[in-house]
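Notes follow the structure.
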There are 2 protein chains.
Amino acid sequence: MRHQNRLLAALSEADGALLGPHLEAIDLPLGHVLVEPAAEIPYAIFIDTGLCSMVSTLDQGGRIEVGLVGRDGMATPALLLGTDTIPYQLFMQVAGHGHRIAVPALRDAVKASASLRTLFLRYVQTFLVQVAQTAIANAGAPAEERLARWLLMYHDRQDGDDLSVTHEFLSIMLGVRRPTVTVAIHTLEGAGLIRARRGRIRVLSRARLEEAAGQTYGPAETEYERLIGPLRRSEDSPA
Amino acid sequence: MRHQNRLLAALSEADGALLGPHLEAIDLPLGHVLVEPAAEIPYAIFIDTGLCSMVSTLDQGGRIEVGLVGRDGMATPALLLGTDTIPYQLFMQVAGHGHRIAVPALRDAVKASASLRTLFLRYVQTFLVQVAQTAIANAGAPAEERLARWLLMYHDRQDGDDLSVTHEFLSIMLGVRRPTVTVAIHTLEGAGLIRARRGRIRVLSRARLEEAAGQTYGPAETEYERLIGPLRRSEDSPA
DNA sequence: GTTGCTTTGTTCGGTTGCGGACGGTTCCGC
DNA sequence: GCGGAACCGTCCGCAACCGAACAAAGCAAC
């Protein structure tokens with residue numbers, strides 16, 4: 001069976017054989033914490049379905065998202081950069097499943113295969129750009145653009161056009177108030193880009209959503225397609 | 001002579017011998033552009049003195065900073081991640097000098113030495129955290145905290161307590177208006193944390209500046225000291 | 001179909017920072 | 001010592017967003 005995870009799917013046969021024996025299928029329920037800040041990380045996780053957020057937990061109890069991982073990559077990229085801990089939390093934001101591999105086994109494989117190393121480091125690059133785009137989006141882009149960007153990033157990482165999110169959740173991810181999210185959703189919905197229902201948002205037009213996201217969306221995804229391969233499986237939904 | 005650049009200084013003797021012959025001293029004048037977006041990058045640059053910003057250039061002509069490199073690292077980390085181009089611009093924000101190495105020579109050295117690879121990838125990790133902290137700071141932290149963070153980051157990367165910056169420049173780096181910078185500087189100065197003169201800011205108390213920066217400052221620097229070594233050379237200025 | 005919880009819609013006043021502009025000051029070159 | 005440029009301080013009206021709160025609507029369980 002072909003892996004749903006894009007990174008695993010992109011492996012050469014030899015690299016696949018190197019990792020395969022160490023991969024273990026796991027469930028990733030909603031809210032499951034993959035990594036706690038400063039805690040040693042035992043497994044790298046390749047997500048097949050679902051979404052995982054990397055967030056900073058603030059003293060005041062709030063959380064701010066800095067990165068998003070889905071079937072495009074692994075959690076956490078930092079494991080490839082010589083560290084077993086990170087100062088952020090990783091948790092499942094949309095339930096799904098994936099495969100895990102013990103960190104020592106991952107390290108051995110990466111040490112043994114230059115092509116594997118190259119592929120994984122390229123993913124790190126796309127992730128770095130994604131975080132940089134988050135920084136850019138957070139610097140002044142209006143809530144509506146940030147919302148559009150986030151919806152697109154979610155959309156990129158799953159099949160179909162229905163996204164499961166509440167306003168409350170989006171408000172945390174975007175670092176804004178919930179009413180701000182409500183207003184932004186109405187605007188996008190009024191323009192016909194999405195259709196919002198209780199706990200669910202349907203993407204009606206990716207193309208126009210990308211316009212709405214402005215420059216906050218694009219660079220990370222371009223980088224991914226350039227360095228690794230197609231991000232979305234299916235065709236774009238019609239404009 | 002011991003390298004001023006922290007990464008080069010941290011090299012083992014063998015790794016130093018590997019890179020040394022390929023290093024070429026260069027001047028880095030103010031405003032010098034090291035990397036243009038999407039343009040192929042011929043050299044990796046290890047900065048000895050001065051400061052280099054990684055910025056996103058917006059359509060409207062504005063620029064937003066996503067990362068800062070000084071004697072702590074190299075420009076650009078992305079070269080270690082299997083790409084020869086990045087979607088951002090790198091330019092010298094404070095003049096200085098450094099050493100450059102042609103990318104193929106860098107790649108050869110990194111391929112040949114696992115310890116070199118490890119060290120450099122650890123630097124990538126610290127840079128990734130720095131960018132993540134930028135995202136966090138940009139998400140709602142008031143201008144004053146962001147200013148404090150930026151001053152500390154500059155201070156970390158040079159000797160002495162005098163920083164050469166104008167309000168105008170800071171406003172670009174922080175993504176706020178110049179008057180907002182002026183007000184924030186007055187606040188910090190009023191509290192006795194800094195002393196501002198025309199085109200110059202003197203750090204009077206690092207410790208209290210770190211307080212003022214809140215949670216925006218710290219994680220990236222902790223990560224650096226944990227993975228690589230001391231960031232600042234000299235002792236902290238008295239509180 | 002009623003109860004209770006979750007999610008969504010809306011309101012109010014207040015604050016921060018924006019865009020733009022103007023005047024004052026320091027510094028540099030001549 | 002003078003002129004000009006760069007830099008700093010301040011003001012205005014305005015828009016976005018915040019914090020808090022409350023009301024309505026969808027959904028689920030019984």
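Here is how names work: the chains are called A, B, and so on, in the same order as the sequence lines, proteins then strands, and each is numbered from 1.
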Is it true that [X] and [Y] make a salt bridge, defined as a side-chain N closer than 4.0 Å to a carboxylate O?
| X | Y | answer |
| --- | --- | --- |
| A:Arg226 | A:Glu223 | yes |
| A:Asp161 | A:Arg195 | no |
| B:Glu221 | B:Arg149 | no |

Checklist entry - Just checking, B:Arg63 and B:Phe91: is the charged tip under 6.0 Å from the six-membered ring centre and within 45° of the axis? => result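 Here B:Arg63 passes the 6.0 Å and 45° test against B:Phe91.
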
Checklist entry - Which parts of residues 173-185 of chain A get close to DNA chain C, meaning a heavy atom less than 4.0 angstrom away? => result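 Heavy-atom contacts with DNA chain C come from A:Arg178, A:Pro179, A:Thr182.
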
Rounded to whole angstrom units, what separation is found between the [atom1] atom of [X] and the [atom2] atom of [N]?
| X | N | atom1 | atom2 | value |
| --- | --- | --- | --- | --- |
| B:Ile172 | C:dC18 | CD1 | C1' | 16 Å |
| B:Leu147 | C:dG17 | CG | C1' | 15 Å |
| B:Glu168 | C:dG19 | CD | P | 13 Å |
| A:Leu170 | C:dT6 | CG | P | 18 Å |

Rounded to the nearest 0.5 Å, what separation is found between the [atom1] atom of [X] and the [atom2] atom of [Y]?
| X | Y | atom1 | atom2 | result |
| --- | --- | --- | --- | --- |
| A:Ser164 | A:Arg200 | OG | CZ | 8.0 Å |
| B:Ile136 | B:Thr216 | CD1 | OG1 | 9.0 Å |
| B:Phe127 | A:Leu81 | CZ | CG | 12.5 Å |
| B:Arg157 | B:Leu68 | CZ | CG | 5.0 Å |
| B:Leu231 | B:Asp72 | CG | CG | 6.0 Å |

Item to check | Range on DNA chain D touched by chain A, heavy atoms, distance below 4.0 Å | outcome: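 Under 4.0 Å from chain A, the extent on DNA chain D is D:dC17 to D:dC27.
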
Item to check | Touch class at under 4.0 angstrom, heavy-atom based, for A:Ala143 against every strand present | outcome: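 The residue A:Ala143 makes sugar-phosphate contact but no base contact.
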
Item to check | Runs of at least three Watson-Crick or G-U pairs with DNA chain C, cut-off 3.5 Å | outcome: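 Result, WC/G-U stems under 3.5 Å: C:1-30 with D:1-30.
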
Item to check | Stepwise side-chain hydrogen bond (donor to acceptor under 3.5 Å, both in side chains) check, B:Arg178 with B:Thr166 | outcome: CA-CA 9 Å; B:Arg178 189 184 51 72; B:Thr166 66; over 6 Å; no

Checklist entry - Does A:Arg232 reach the main-chain N or O of A:Pro230 with its side chain, forming a donor-acceptor pair under 3.5 Å? => result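 No.
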
